[in-house]
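What follows is a set of notes on a single structure, which appears directly below.
Below, chains carry the letters A, B, ... as their sequence lines are ordered, and counting in each starts from 1.
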Protein chains: 2
Amino acid sequence: MAARPGLDPEAVLQAAIALADREGLEQLSLASLAAALHVKTPSLYNHIKGLPDLKRQLSRRGLILVKDAMVEAVIGKSEDAALLAAGLAYVGFARKQPGLYEAVTAPLTDYEDPELQEAGAQVVSFLLKLLAPYGLSEEDALHVVRGFRSLVHGFASLEGQNGFRMGLDRDESLRRLLQTYLLGLRAGSGRK
Amino acid sequence: MAARPGLDPEAVLQAAIALADREGLEQLSLASLAAALHVKTPSLYNHIKGLPDLKRQLSRRGLILVKDAMVEAVIGKSEDAALLAAGLAYVGFARKQPGLYEAVTAPLTDYEDPELQEAGAQVVSFLLKLLAPYGLSEEDALHVVRGFRSLVHGFASLEGQNGFRMGLDRDESLRRLLQTYLLGLRAGSGRK
DNA sequence: TATAATAACTAATGTTATTAGTTTTGTAAA
DNA sequence: TTTACAAAACTAATAACATTAGTTATTATA
């Protein structure tokens with residue numbers, strides 16, 4: 001019947017996110033995290049199960065937040081404008097929280113984690129809603145969702161690893177990529 | 001004037017690639033690599049500078065090989081057919097050598113490594129050649145290169161982290177993604 | 001005020017990367 | 001054939017890290 005304040009799991013997660021965004025996900029260790037929290041490493045085990053568990057939590061939180069960012073971005077928009085806004089918001093999130101986004105895309109130790117699957121399913125479900133007005137079959141819509149996710153994740157990932165070196169406006173590249181894909185969708189809707 | 005055979009840097013690299021492809025890049029450690037080579041860990045330092053150096057070499061080799069795979073795939077093809085073949089080859093490479101491809105896309109310790117920049121530049125240069133027949137301005141072509149790389153890398157990366165869960169044909173998703181983008185390129189070439 | 005839940009700690013273990021210094025060995029020159 | 005040396009592989013040692021076990025300290029509540 002008596003607790004003791006101090007850290008809690010959410011505070012540890014927040015500190016881990018801050019550290020990952022600031023220094024990169026590879027720099028996130030229990031040692032560096034404990035130091036940032038002015039605590040000894042083993043104390044963290046009162047709040048997390050271990051480093052793999054912490055990274056799993058980062059992945060999940062990142063997925064939730066990137067979806068939230070897209071949801072926010074499409075308010076009052078529909079069809080191409082909504083998809084464009086969602087794509088820009090996705091990449092914007094990856095830029096603002098690079099370490100957290102890295103965690104989303106990091107090779108998972110556990111592909112089968114149900115919390116991660118749920119978070120991923122919410123992203124897919126959100127995109128399917130944006131596609132509803134296009135009147136696609138369920139199968140067609142799922143292919144498009146895969147395409148859209150590939151687009152935005154690929155762009156965000158390459159940008160995040162400094163893959164775009166030329167002095168060419170990156171926002172312009174992203175806008176063109178999304179618009180070209182959307183144009184292709186319109187142009188191809190008659191086709192098989 | 002006298003050497004002593006045994007391992008050499010290329011053999012170490014090959015073993016590292018095999019291990020990464022088999023077990024995943026995270027499982028690649030100097031300890032596991034040395035064990036696979038029936039050697040003690042410090043012996044590896046006769047052939048590589050250390051673990052970061054080894055991973056850098058993997059990145060570079062992966063970039064070269066993925067480009068080679070695309071070059072091979074476009075023989076005798078041009079325009080949309082060539083870009084489609086290149087995209088399929090890119091993803092095919094990531095599927096066949098998942099650990100090596102992971103290394104290509106892993107967050108680098110050293111963005112500025114000239115060897116990696118050179119390898120990346122060769123990929124860009126190759127794609128620019130494929131785009132030549134489209135008669136785009138240099139700037140337009142560079143935007144398209146970014147788009148194409150985003151497409152294929154995003155797809156390969158999501159697929160590699162088991163991001164595509166639905167029982168939906170993945171090759172079909174990839175083909176549609178590439179075709180939709182190419183269609184958008186054609187449709188949009190009059191526009192700004 | 002006393003208690004109990006629990007956060008934080010110390011101590012210890014095992015893994016890993018890395019460096020320094022030593023031994024071994026195969027080849028090329030004598 | 002013998003010898004010398006270059007380089008590969010080794011042993012030993014250190015430092016960083018994650019993790020577990022067991023102990024101490026603290027604080028909200030009964």
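The separation between Q27(A) atom CD and dA18(D) atom P is 11 Å, rounded to whole Å. One interatomic measurement links the two molecules: CG of L7(A) to P of dT6(C), which rounds to 15 Å at whole-angstrom precision. For the pair K40(B) NZ and dT22(C) C1', the interatomic distance rounds to 16 Å; values are reported in whole Å. Atom P of nucleotide dA18(D) and atom CG of D53(A) are separated by 14 Å, given to the nearest angstrom. Whole-Å rounding puts the I48(A) CD1 to dT19(D) C1' distance at 11 Å. For the pair L33(B) CG and dA9(D) C1', the interatomic distance rounds to 15 Å; values are reported in whole Å.
Applying the side-chain hydrogen bond (donor to acceptor under 3.5 Å, both in side chains) test to residues at least two apart or on different chains, the pairs with a partner in residues 146-157 of chain A are R146(A)-S173(B).
Residues R60(A) and L63(A) form no side-chain contact, since every pair of their non-hydrogen atoms from C-beta on lies 4.5 Å or further apart.
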Side chain to side chain contact (heavy atoms under 4.5 Å, CB included) assessment of Y134(B) paired with D80(B)
CA-CA 10 Å; Y134(B) 291 77; D80(B) 286 15; 2.4 Å; yes

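Side chain of S59(A) to main chain of A106(A): no donor-acceptor pair is present (N/O by atom type, distance under 3.5 Å, no hydrogens or angles). A distance-only check finds no donor-acceptor pair linking the side chain of D21(B) to the backbone of K96(B) [under 3.5 Å].
Under 4.0 angstrom from either OP1 or OP2 of dA7(D) there lies no side-chain N or O belonging to H47(B). Contact check, S43(A) against dA7(C): no side-chain N or O comes under 4.0 Å of OP1 or OP2.
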Nucleic acid footprint by protein, nucleotides 11-20 of chain C - heavy-atom cut-off 4.0 Å, B for base, S for sugar-phosphate alone
B----SSBB-

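Taking 3.5 Å as the limit, the base of dA8(C) and the side chain of N46(A) contain a donor-acceptor pair of atoms between them.
The one candidate from V124(B), L127(B), V123(B) that meets the side-chain contact (heavy atoms from CB on, under 4.5 Å) condition with K67(B) is V123(B).
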